[in-house]
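Side-chain atoms are counted along with the backbone in the values below, which use heavy atoms only and exclude waters and symmetry mates. Naming convention: chains lettered A, B, ... in sequence-line order (proteins, then strands); numbering from 1 in each chain.
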Protein chains: 2
Amino acid sequence: MNKRVQHSPLDVFDRKILAILQRDNMTPQRTIGDAVNLSAPAVQRRIKRMREEGVIRADVSVVAPEAVGQSITIFVEVEVISETADQIERAKTEFAAAPEIQQCYYVTGEADFILVIVVPSMADYEALTRRLFFGNNNVKRFRTFVAMDRVKVGLGVPLE
Amino acid sequence: MNKRVQHSPLDVFDRKILAILQRDNMTPQRTIGDAVNLSAPAVQRRIKRMREEGVIRADVSVVAPEAVGQSITIFVEVEVISETADQIERAKTEFAAAPEIQQCYYVTGEADFILVIVVPSMADYEALTRRLFFGNNNVKRFRTFVAMDRVKVGLGVPLE
DNA sequence: GGCTCCCACGAAACAAAATTGCAAGCCGAC
DNA sequence: GTCGGCTTGCAATTTTGTTTCGTGGGAGCC
């Protein structure tokens, strides 16, 4: 269901390039080349390959939520009643479709789903719970955590 | 302590531009201009302003964790013993410094911190808990959730 | 060893995109 | 009305990304 693309093994150059790109993907290829001791075209070819292979999933700007009026970040642990394959699939689809849901993970443990939600106000969150949880009769219960501080927020993965 | 930059109010153009950029920041300005009915330089100036004002926090490549051998995503709820200001500050600093910790939020509710962690293997996670939690005598307890599926992962905020 | 084939590389040429300079249009203040 | 600040579009310039081409090193095979 997801993009399953062949990943040819990454060498040291690739990793160094990734380390730079996941911090700032606007870095000129020439600069990257200098940093990793490679020519700009070589860097360009590697980046292109990694994009095609799905090693680089996307290239995005990170927007400050509070700057656009989405000032509240909320965590939710969701526990479902029935964990049949298609019930789970349905839930995944529904969660993935909601724009307020930034992240959704299907997890083991005391909860089934963990959601990261971004909304303008508590009232909006309340409305969302009504729609998403109370309106879904497969949701057994959910626990809410409100973020007071987004201490560290990123998608960077440790490299080397 | 963090970036406190003045956010001048965003108009419809800005929001449309942001909506595009947070999906794909490699979109040519010309294309963006066409989409929002503005010239490329106008788009460029707005983007520059939003970068300077901190509305756009960063521009990054999103790397597929499994492609670089970081195949396990883990959630942790951390509860601390003492919640004095400097104990909390110390914890924030420590969590923010760990490269395996992708995200760290300070939250209300039954937990104090919620962490999103990315590691190559369970053994690595075990080692990390030893260092981070058992090695920190202010950690009362922590609950672990292992992600079976990263259903939706992004930092995009709802716009429009 | 000597051979070819195959990649990945760097240098340079090239294309495309971003950036800058500038003149004009659009308010709001006086 | 007119001044001044702000934003725009267009055109020129500069920077950046991309393609082309020729070279060199390594793997496999005579």
Among the candidates [options], find the nucleotide nearest to the side-chain atoms of [X].
X: A:Gln29; options: D:dT18, C:dG10, C:dA18; answer: D:dT18
X: A:Gln44; options: D:dG9, C:dG10, D:dT18; answer: D:dT18
X: A:Pro41; options: D:dT19, C:dA18, D:dG9; answer: D:dT19

[N] [atom2] sits how many Å from [X] [atom1], rounded?
X: A:Asp59; N: D:dT16; atom1: CG; atom2: P; result: 18 Å
X: A:Ile17; N: C:dA8; atom1: CD1; atom2: P; result: 13 Å
X: B:Asn37; N: D:dT8; atom1: CG; atom2: P; result: 13 Å
X: A:Leu38; N: C:dA8; atom1: CG; atom2: P; result: 12 Å
X: A:Ile32; N: D:dT18; atom1: CD1; atom2: C1'; result: 14 Å
X: B:Met26; N: D:dG17; atom1: CE; atom2: P; result: 8 Å
X: A:Asp34; N: C:dC9; atom1: CG; atom2: P; result: 16 Å
X: B:Arg30; N: D:dG9; atom1: CZ; atom2: P; result: 11 Å

Quiz item: Can a donor-acceptor pair under 3.5 Å be found between the side-chain atoms of A:Arg45 and the base atoms of C:dG10?
Solution: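 Looking at the base of C:dG10, it does pair with a donor or acceptor on the side chain of A:Arg45 (distance under 3.5 Å).
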Exercise. For B:Pro28, answer base if it contacts any base atom (sugar-phosphate contacts may also be present), sugar-phosphate if it contacts only those atoms, and nothing otherwise; contact means non-hydrogen atoms under 4.0 Å.
Key: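 Sugar-phosphate contact only.
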Quiz prompt | Aromatic centroids of A:Tyr105 and A:Phe113 separated by under 6.0 Å | solution =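 That pair fails the under 6.0 Å test.
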Practice problem: Could you tell me whether A:Phe134 and A:Phe142 have their ring centroids closer than 6.0 angstrom? | Solution: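 Between A:Phe142 and A:Phe134, which both carry aromatic rings, the centre distance is below 6.0 Å.
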Practice problem: Taking all non-hydrogen atoms of both residues into account, name the closest pair between A:Val151 and B:Ala96 and its distance. | Solution: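 Where A:Val151 meets B:Ala96 most closely, the heavy atoms are CG1-CB, 4.3 Å.
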Practice problem: Would you please say whether a donor-acceptor pair under 3.5 Å links the side chains of B:Asp59 and A:Asn25? | Solution: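 No, A:Asn25 and B:Asp59 have no side-chain donor paired with an acceptor closer than 3.5 Å.
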Quiz item: Going by atom types alone, do A:Gln103 and B:Gln103 pair a side-chain donor with an acceptor below 3.5 Å?
Solution: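 Result is yes, a qualifying pair exists.
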Exercise. Ignoring backbone atoms, establish whether A:Arg46 has a side-chain N or O less than 4.0 Å from OP1 or OP2 of C:dC9.
Key: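 Yes, within the criterion.
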